[in-house]
Amino acid sequence: MECQRFQKLIRNWYFQVQSEAMAPARMVLFMEKHLAECPVCLADTRVREEVQRITTFVLPEVKIRKASEDEKEDKVTKDRSEEDESEEEEEEEEEEEEEEDEI
Ligand SMILES: [Zn+2]
């Protein structure tokens with residue numbers, strides 16, 4: 001995988017999946033979305049294999065196809081990653097709405 005950004009995102013998403021802050025199906029969606037949009041990943045022939053591997057890892061095999069069809073892209077809201085310095089493409093400004101659980 002050549003895309004540094006994607007590596008970081010995956011790590012971040014995976015962490016969220018582990019801590020049950022994100023559904024695995026959503027992580028898969030995000031990965032696919034990134035693959036479809038990122039020039040680096042589009043040019044990388046191996047990255048899809050890796051995503052495939054990660055997908056089967058986070059999701060039980062049976063669900064893979066269904067998950068990506070069910071949840072569509074209106075779920076992108078929570079994709080808040082730590083890489084604020086470096087993002088210039090792929091901004092989705094509609095986040096921030098779910099931050100009301102302070103005391
Ligand atoms: Zn990428």
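Values in this document were obtained by computation on a predicted structure and should not be read as measured data. Numbering of ligands and ligand atoms starts at 1, following listing order.
With sequence neighbours left out, Ser19 forms a side-chain contact (heavy atoms from CB on, under 4.5 Å) with Phe15, Ala21.
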Carefully, step by step, assess Phe6 and Leu35 under the rule side-chain contact (heavy atoms from CB on, under 4.5 Å).
CA-CA 9 Å; Phe6 197 27; Leu35 281 187; 3.9 Å; yes

Trp13 and Arg26: side-chain contact (heavy atoms from CB on, under 4.5 Å), yes or no, with the steps?
CA-CA 9 Å; Trp13 292 331; Arg26 182 178 292 186; over 6 Å; no

Apply side-chain contact (heavy atoms from CB on, under 4.5 Å) to residues Arg5 and Cys38 and explain how you reach the verdict.
CA-CA 9 Å; Arg5 193 157 176 239; Cys38 173; 5.7 Å; no

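At distances below 3.5 Å, not a single donor-acceptor pair connects side-chain atoms of Glu2 with backbone N or O atoms of Val40. In terms of modelled atom types and a separation under 3.5 Å, the side chain of Gln16 and the main chain of Met22 share no donor-acceptor contact.
Excluding waters, the set of protein N/O/S atoms under 2.8 Å from the Zn ion (ligand 1) reads Cys3 SG, His34 NE2, Cys38 SG, Cys41 SG.
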